[in-house]
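What follows is a short report on a single structure.
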Amino acid sequence: MKQYSNKTMKFGFTLIELLVVVAILGILASVGLGQFFTAQKRGRDTQRKESLASIARALEMYYNDHKQYPLSTGGNEGNIMIPGVATIYWGGEFTDGKTTYMKQLPKDPADNAHYFYMSDGTNFKLYAWIEHENDSCFLPGGACKEGGYLGTNCGPTTCNYCLASANTSCD
């Protein structure tokens with residue numbers, strides 16, 4: 001005669017085991033998402049710096065042709081104004097009517113931010129908003145200013161990154 005045991009084999013996980021696994025996955029996901037958002041900010045900041053450097057090169061080419069920098073319009077975006085030709089808006093073509101210096105002036109990669117330009121014709125200053133607070137431009141001697149530059153508006157706040165012509169400083 002066969003004997004049957006009262007023990008039945010259970011397969012699966014207990015509720016506690018499942019909760020521990022879900023908690024671990026949640027922690028890993030939050031760490032990963034934090035790093036993802038940090039990488040996005042750093043990428044946008046790098047793009048801002050490269051865009052301003054490209055604009056600065058175009059402005060120097062304009063200066064070589066006209067012996068002055070284009071004026072700024074003031075206002076809240078500080079657009080580029082070429083007297084007698086046009087006001088050039090961010091995203092538009094930077095041209096004097098004869099020469100195209102940039103096919104398209106870059107726009108800020110963030111939806112809520114924009115670049116700012118200031119010039120009286122003898123020098124220029126280009127401003128942007130750097131969003132990652134640990135960016136290298138905040139180190140001593142860097143191009144970022146804690147609290148931003150007064151009189152500039154880069155969208156969410158005052159601009160805190162500056163690139164200027166060789167004959168002036170950002171301060």
Side-chain angles (χ1 to χ4, degrees), residues 32-171:
L33 280 177
Q35 292 300 319
F36 174 73
F37 290 127
T38 298
Q40 278 188 320
K41 285 182 182 180
R42 288 182 190 258
R44 285 191 297 266
D45 289 346
T46 299
Q47 186 176 352
R48 287 180 180 104
K49 292 174 188 177
E50 290 173 2
S51 292
L52 289 192
S54 295
I55 297 167
R57 285 190 294 275
L59 289 168
E60 293 298 342
M61 288 188 289
Y62 181 91
Y63 183 85
N64 285 339
D65 291 346
H66 299 277
K67 305 302 177 220
Q68 72 173 17
Y69 296 105
L71 302 173
S72 56
T73 60
N76 67 348
E77 288 194 22
N79 295 304
I80 298 172
M81 183 176 71
I82 300 176
V85 178
T87 298
I88 300 157
Y89 298 97
W90 301 106
E93 183 179 40
F94 178 16
T95 180
D96 63 0
K98 299 175 204 152
T99 306
T100 299
Y101 298 98
M102 282 190 94
K103 192 69 177 158
Q104 184 177 20
L105 278 174
K107 288 184 172 183
D108 191 278
D111 291 335
N112 63 340
H114 51 260
Y115 299 131
F116 193 88
Y117 173 72
M118 287 176 60
S119 176
D120 60 3
T122 61
N123 57 50
F124 72 84
K125 297 175 185 176
L126 286 165
Y127 298 95
W129 171 60
I130 300 298
E131 57 186 307
H132 192 268
E133 58 279 348
N134 293 329
D135 192 276
S136 62
C137 68
F138 285 108
L139 296 175
C144 283
K145 183 175 182 181
E146 229 27 83
Y149 293 93
L150 291 177
T152 63
N153 177 3
C154 284
T157 183
T158 57
C159 309
N160 59 10
Y161 177 77
C162 178
L163 188 62
S165 58
N167 60 351
T168 191
S169 68
C170 289
D171 290 325

Using the side chain to side chain contact (heavy atoms under 4.5 Å, CB included) rule, take Lys49 and Ile130 through it: C-alpha gap first, then chi angles, then the decisive distance, then the call. CA-CA 9 Å; Lys49 292 174 188 177; Ile130 300 298; 4.2 Å; yes
Please list, chain by chain and in numerical order, all residues satisfying side chain to side chain contact (heavy atoms under 4.5 Å, CB included) with Thr99, sequence neighbours excluded. Asp65, Asp96, Tyr101
Are Lys41 and Glu131 close enough for a salt bridge, meaning some N to O gap below 4.0 Å? no
Where the side chain of Gln104 meets the backbone of Gly91, is there a donor-acceptor pair that is under 3.5 Å apart? yes
For the residue pair Leu59 and Leu126, establish whether any side-chain heavy-atom pair is separated by less than 4.5 Å. yes
Distance, nearest 0.5 Å, that separates SG of Cys144 from OH of Tyr149: 7.0 Å
Of all heavy-atom pairs between Gly121 and Leu71, which one has the smallest distance, and what is that distance? N-CD2, 3.7 Å
Could you check, using the six-membered ring where one of them is a Trp, whether Tyr115 and Tyr127 have ring centers closer than 6.0 angstrom? no
Are Arg48 and Ser51 close enough that a side-chain donor and a side-chain acceptor fall under 3.5 Å? no
Should we say atom CG of Asn112 is surrounded by more than 12 heavy atoms from elsewhere, each under 6.0 Å from it? yes
Backbone N/O of Asn64 and side chain of Lys67: donor-acceptor pair under 3.5 Å: yes
In this structure, CD of Glu133 is separated from CZ of Phe138 (nearest 0.5 Å) by 8.0 Å
Could you check whether any side-chain N or O of Thr152 sits under 3.5 Å from a backbone N or O of Cys159, counting only pairs where one atom can act as donor and the other as acceptor? yes
Are the side chain of Thr100 and the backbone of Met102 linked by a donor-acceptor contact shorter than 3.5 Å? no
Taking the side chain as C-beta and beyond, is there a heavy-atom pair between Glu50 and Pro106 under 4.5 Å? no
Do Tyr161 and Leu52 make a side-chain contact, defined as non-hydrogen atoms from C-beta onward lying under 4.5 Å apart? yes
Quick one: does any side-chain atom of Asn167 pair with a main-chain N or O of Thr122 as donor and acceptor, under 3.5 Å? yes
Pair Tyr62-Gln68, side-chain donor/acceptor within less than 3.5 Å: no
Side chains of Arg44 and Trp129 in contact at under 4.5 Å (non-hydrogen atoms): no
Can any side-chain N or O of Asp108 pair as donor or acceptor with the backbone N or O of Ala128 at less than 3.5 Å? no
Residue pairs meeting ring pair (Phe, Tyr, Trp, His ring centres under 6.0 Å), one or both in residues 33-57, sequence neighbours left out, come to none
Say whether, by atom type as modelled, one donor and one acceptor occur between the side chain of Tyr117 and the main chain of Pro70 under 3.5 angstrom. yes
Distance-only, no hydrogens or angles: does the Ser72 side chain make a donor-acceptor pair with backbone N or O of Ser119 under 3.5 Å? yes
If you define the side chain from C-beta out and look only at heavy atoms, does anything of Leu163 sit under 4.5 Å from Lys125? no
So, His114 side chain and Asn153 main chain: donor-acceptor pair closer than 3.5 Å or not? yes
Other residues, nucleotides and ligands only: do more than 12 of their heavy atoms fall within 6.0 Å of CG on Leu139? yes
